[in-house]
Amino acid sequence: AAGTASPSGTYPCQSCVDGSTYAAAASGSKACLPCGCPANSYASGTCYANSNVPCFSCPTGATSPANSTSVFSCVCGAGNYLETTPVGFGQPIQCLACGTCPGGYYQVSACNATVATRCSMCTAAASCGANQYLSGVCSVSSNPVCLNCSVCGANQFVASPCTPTSNRVCAGCLTAANCTAGSTYLTGVCSATSQTACSPCITNCSAGMYLTGECVGGTTSPTCQPCLTSCGPSQYLTGVCQGRNATSCAACHSSCLACASSPAASACTLCMPGLVFFQGSCLANCPANYTLNATGTGCVPCPSGCVRCLASSPNVCAECSTGLFLVSSTGLCNATCPPATFRNASAGTCQTCRAACPSGSFLSTPCGATADIVCTPWRTCAAGTFETMAPTSTSDRLCMPCRTTCNAGAELVQLCSPTSDNLCSSCSAGFFKPAAGAGPCTPCITSCANVSNTYLSASPLCTNTSSPTCEPCTTSCPSGQYLSSTVCTTATGSPTCLPCTSCVAGQEYETSPCVGTAGSSSGSGNRQCAA
């Protein structure tokens with residue numbers, strides 16, 4: 001039976017031992033086989049007398065010795081590791097290739113037969129604390145670390161500061177021993193933030209300065225000091241400010257309160273109290289042709305052309321030389337006078353011209369070089385004249401004779417006055433004046449009833465220059481003529497004389513004679529003929 005075996009193949013059968021041996025055949029087993037799995041596989045489970053332990057093959061590429069009892073007995077080939085993460089019960093686990101750490105990561109442990117490569121993120125500079133920096137380089141085999149920044153000691157300065165990725169660099173400060181004697185000297189202060197230096201000793205100064213001191217032992221340098229630019233009272237500045245030479249002060253002459261670069265009496269620029277300045281010297285009084293200035297400290301010449309000038313106003317002449325005239329506005333003497341003035345020869349001055357003429361007069365002559373303006377009284381218009389232009393300050397009154405006649409068609413209606421001419425006005429309606437003259441307008445003729453044998457003419461009409469007239473009527477004709485009518489009116493006008501008709505000889509005879517006089521007994525008429 002399964003789980004038993006007989007070497008002889010006959011009873012009695014020998015029982016196999018659980019966990020140690022087994023006989024899997026239903027009958028005929030001659031021996032109990034030891035429990036276990038062949039090479040390149042592993043056991044997982046329990047071995048019973050009637051069945052061997054379950055065996056599983058190692059993952060592809062892995063090997064194991066016989067009778068291996070764990071998947072971990074499977075060894076993957078070089079460069080691979082056994083992935084032991086269970087995918088499911090009884091499922092074989094695979095061999096995977098060992099990997100490398102990506103950028104920014106480092107290797108914590110190397111890949112072996114059963115464990116993959118382990119990587120971790122490298123430490124970043126941002127994770128370091130204050131006054132720390134990141135030391136080292138992130139690589140597969142190394143991880144940077146945060147270290148405290150170095151602290152500079154005495155006589156050191158910070159050559160480069162501590163940054164998130166670099167340590168503080170300290171360097172020793174220079175000392176006087178580092179400087180070249182006679183040409184450089186130590187400058188600056190050694191501290192954490194500043195360095196000493198060997199600077200060239202000063203050999204030249206800027207304008208207005210001079211050099212003093214020596215370049216000694218790398219510790220001191222010559223210095224530039226300002227030269228004197230001014231001195232006290234009664235002193236003057238001497239010397240040249242250049243190189244190691246400085247200016248100095250020296251005493252002026254005893255009469256000088258200030259002087260110009262010399263102790264001479266003629267080098268004064270200001271005088272001691274009680275003395276007056278004149279052309280570089282200090283005197284008790286001003287020389288001839290000069291007078292004190294406004295402050296009383298110096299002498300000034302009188303203006304050109306002056307015979308005498310005012311002591312209180314040295315620029316003002318009091319009297320001019322012959323041929324020159326004193327201008328009061330400037331106090332100077334000129335050969336000509338300024339505008340609006342004239343030369344007063346007797347006074348020797350430029351006299352101001354009068355600005356305007358008094359009321360009632362006009363400027364007839366303007367101000368000239370040698371005379372004032374001339375003012376003339378305004379004229380008065382005489383009788384029979386009138387004013388045509390009013391007088392002004394620069395022009396006289398203009399007068400014109402009054403008119404004595406009016407033009408044809410006009411008559412005088414207003415008499416001449418001092419300011420207006422005789423006034424002419426056109427004739428009124430029904431009146432006329434045929435010619436210019438002094439006479440008045442007369443009524444136009446409107447009827448000839450009072451004049452025998454006349455009629456009122458139809459032309460001219462009654463205008464301001466013309467009037468109808470009474471024209472004589474024709475009352476008789478010469479021999480051989482007769483009057484055309486016996487009616488003489490404004491409407492018909494005067495009769496005219498017409499030639500008498502002649503009777504045809506041998507055919508007609510005269511029945512009534514031709515009469516040319518309207519006042520005859522038979523009246524005027526043409527000759528009458530009958531056959």
Side-chain angles (χ1 to χ4, degrees), residues 354-366 373-478 481 483-498 517-519 524:
R354 285 182 291 171
C357 292
S359 177
S361 63
F362 71 98
L363 178 67
S364 57
T365 304
I373 62 173
V374 176
C375 296
T376 302
W378 292 332
R379 71 164 55 94
T380 302
C381 292
T385 63
F386 71 98
E387 181 184 283
T388 59
M389 187 175 74
T392 68
S393 61
T394 58
S395 63
D396 198 5
R397 177 183 285 112
L398 292 183
C399 300
M400 292 287 289
C402 298
R403 64 165 62 92
T404 58
T405 62
C406 292
N407 293 333
E411 63 182 347
L412 291 170
V413 295
Q414 179 179 306
L415 295 180
C416 180
S417 73
T419 58
S420 63
D421 196 2
N422 284 323
L423 181 62
C424 293
S425 179
S426 182
C427 294
S428 302
F431 288 79
F432 79 103
K433 182 181 174 184
C441 297
T442 58
C444 289
I445 297 172
T446 58
S447 175
C448 296
N450 296 329
V451 183
S452 62
N453 293 322
T454 61
Y455 70 95
L456 189 66
S457 65
S459 175
L461 297 176
C462 180
T463 67
N464 63 346
T465 60
S466 64
S467 171
T469 59
C470 289
E471 298 293 332
C473 293
T474 303
T475 59
S476 64
C477 293
Q481 293 183 339
L483 289 171
S484 62
S485 174
T486 60
V487 178
C488 181
T489 66
T490 298
T492 62
S494 176
T496 60
C497 292
L498 300 175
T517 302
S524 177

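- Residue pairs meeting the salt bridge (Lys or Arg N to Asp or Glu O under 4.0 Å) criterion with at least one member in residues 387-399, sequence neighbours excluded, are Arg379-Asp396, Glu387-Arg397.
- For the residue pair Ala408 and Pro434, the shortest heavy atom distance occurs at CB-O, 3.5 Å.
- Looking only at side-chain heavy atoms (C-beta outward), Cys497 and Leu483 come within less than 4.5 Å of each other.
- Asn422 places a side-chain N or O within 3.5 Å of a backbone atom of Cys416 that can act as its donor or acceptor partner.
- For Ser457, the side chain to side chain donor-acceptor pair (under 3.5 Å) test picks out Thr469, with sequence neighbours left out.
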Sequence neighbours left out, cut at 3.5 Å: what donor-acceptor pairs do the side chains of residues 437-450 make with other protein atoms?
| unit_1 | atom_1 | unit_2 | atom_2 | d |
| --- | --- | --- | --- | --- |
| Thr442 | OG1 | Phe432 | O | 3.4 |
| Ser447 | OG | Ala449 | N | 3.2 |

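- For the pair Trp378 (side chain) and Thr392 (backbone), a donor-acceptor distance under 3.5 Å is present.
- Between Leu423 atom CG and Ser425 atom OG the span is 6.5 Å, to the nearest 0.5 Å.
- Across Ser420 and Phe386, no two heavy atoms sit closer than the pair O-CB, 3.5 Å.
- Taking both residues in full, the closest heavy atoms of Ala410 and Cys427 are given as N-SG, 4.0 Å, listed atom of the first, atom of the second, then distance.
- Between the side chain of Thr474 and the main chain of Thr496, no donor-acceptor pair closer than 3.5 Å is present.
- The environment of CE in Met389 is crowded: more than 12 heavy-atom neighbours from other residues, nucleotides or ligands sit within 6.0 Å.
- Minimum interatomic distance between Thr489 and Val487 (heavy atoms only, all atoms of both residues): CG2-CG1, 3.8 Å.
- For Ser426, the side chain to side chain donor-acceptor pair (under 3.5 Å) partners are Asn464, not counting sequence neighbours.
- Side chain of Thr465 to backbone of Gly409: no donor-acceptor contact under 3.5 angstrom is found.
- Taking the side chain as every heavy atom from C-beta outward, Thr388 and Cys399 never approach each other to under 4.5 Å.
- Of the possible donor and acceptor atoms, one in the side chain of Ser364 sits under 3.5 Å from a partner among the backbone N and O of Val374.
- The salt bridge (Lys or Arg N to Asp or Glu O under 4.0 Å) contacts involving residues 419-428 comprise Arg403-Asp421, where partners must be two or more places apart or lie in separate chains.
- Applying the side chain to side chain donor-acceptor pair (under 3.5 Å) rule to Ser466 yields the partners Thr463; only residues at least two apart in sequence or on another chain are considered.
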